[in-house]
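Counting starts at 1 for both ligands and their atoms, following the listed order.
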Amino acid sequence: MPKVVDIRHLETFFAEAEDVCIAVHTHPDGDALGSGVAMLEYLRRCRGKRATLLLPDPVAQYLRFLLPADGWLEASVAPQEAERAVAASDLVICLDMNGFSRAGCLEQALRGSRARKLLIDHHQGPERASFDLVFSETEISSACELLYQLLLALPGVGSAERLPLEVLTPLMAGMTTDTNNFANSVYPSTLRMASELLAAGVDRDALVDAFFHSYRENRFRAMGRYLQDLRITTDGVAYAVLRRSFLEGFALQEGELEGFVNLPLGIAGVRLSVFLREDDGHFRVSLRSKPGVSARRLAAEAFHGGGHECAAGGKLYFPEDIAAPELAAAYIETKTARFMRNPAPSDKD
Ligand code: 5GP
Ligand code: MN
């Protein structure tokens with residue numbers, strides 16, 4: 001639970017701010033977008049502030065129903081507008097990222113801002129020195145759950161019923177996606193939150209429908225091929241490398257591969273799932289693991305990344321890390337064979 005003295009600070013930050021910029025991590029997922037939209041709507045509707053939600057990249061189609069009519073912009077599409085918004089703000093709030101390095105094209109503008117800086121996040125290793133106030137909690141489902149607890153703790157709030165559905169619905173959305181619909185990272189506080197939000201009128205059926213029952217058919221065709229071609233090593237590592245031709249062949253859009261990486265963990269004996277998809281000059285890497293295997297450590301050691309113990313990500317560059325994209329499979333096999341000899345989380349964090 002957040003400390004009372006920090007909540008007082010938070011209340012002061014909100015009370016004294018006039019123009020707020022809210023930023024979330026690159027390639028925003030449900031938790032990033034949900035927490036960003038909830039923060040935006042709280043500040044506008046409950047506090048009467050001017051606020052802008054800055055999304056480093058375009059929001060994937062499957063999440064767009066969460067976006068309000070206005071108050072947000074996609075920084076890679078409108079970089080000057082985004083920079084102007086940061087320059088005009090007196091409070092910068094970063095959500096669902098542990099530091100500015102996860103803010104993509106917004107990194108320099110945010111870092112250089114003279115505004116007060118607030119971090120609300122659930123990843124390990126928060127970049128504390130860059131912020132004036134930090135709420136960092138890792139034993140929690142999502143940034144949305146942490147933001148929910150903070151909003152409830154503010155003077156005059158106290159219960160979900162005091163917050164509008166425009167705040168509560170995106171909070172439920174982000175918590176639902178970050179827990180993979182209550183399959184992982186679920187704590188007693190997570191179920192309490194779900195129960196309170198349902199009682200306050202959030203339509204969970206509509207969210208489940210939007211997230212899990214509204215895909216295009218080609219996602220499932222692609223999923224079939226992915227599972228067919230999946231490789232599994234003797235160490236219990238399942239991996240797949242999706243090349244451009246695969247992505248183009250199924251006409252896949254951003255977000256349509258969401259969740260693929262989780263599937264191999266359903267196989268007995270698989271302890272780590274490694275999922276690569278090709279981008280310009282690099283592969284984007286997603287890692288998922290069963291407890292005892294640190295996806296986060298592997299992300300840091302082999303893929304320039306990080307994340308949570310059992311859900312992490314990063315990048316694999318060519319020609320820097322591997323001479324050519326064809327060598328990705330060999331790289332994964334070599335790195336994971338060594339890693340699986342001692343896959344536990346490192347004890348220095
Ligand atoms: P996903 O596989 O869903 O893209 O990401 C899973 C987790 O890994 C998320 O919590 C995300 O924050 C983290 N993550 C993904 N990509 C990167 C990256 O490039 N760098 C770092 N530090 N974390 C990442
Ligand atoms: Mn998150």
Grab the two heavy atoms, one from Leu197 and one from Ala160, that are nearest each other, plus how far apart they are.
CD2-CB, 4.2 Å

Of all heavy-atom pairs linking Val24 and Ala32, the shortest is CG1-O, 3.2 Å

With Glu256 as reference, evaluate Arg277, Arg219, Arg216 under the salt bridge (charged side-chain N to carboxylate O under 4.0 Å, His left out) test and give the passing residue.
Arg216

Between Arg243 and Glu278, is the closest basic N to carboxylate O distance under 4.0 Å?
yes

Atoms listed for the Mn ion (ligand 2) (protein only, N, O or S, under 2.8 Å, no waters) are Asp31 OD2, Asp96 OD1, His122 NE2, Asp178 OD2

What class does the angle between the rings of Phe13 and His9 fall in, given that below 30° is parallel, 30 to 60° is tilted and above 60° is perpendicular?
perpendicular

Arg64 side chain to Val59 main-chain N or O, any donor-acceptor pair under 3.5 Å?
yes

Would you kindly say whether Glu145 and Ser189 are connected by a side-chain donor-acceptor distance under 3.5 Å?
yes

Using the side-chain hydrogen bond (donor to acceptor under 3.5 Å, both in side chains) rule, pick out the option among Thr138, Asp96, Asn98 that qualifies with His122.
Asp96

Which parts of the protein, at residue level, reach under 4.0 Å of ligand 1 through a heavy atom?
Arg102, His123, Ser286, Arg288, Gly305, Gly306, Gly307, His308, Ala311, Ala312, Gly313, Gly314

Name of the residue among Leu154, Leu171, Leu168 meeting side chain to side chain contact (heavy atoms under 4.5 Å, CB included) with Tyr42
Leu154

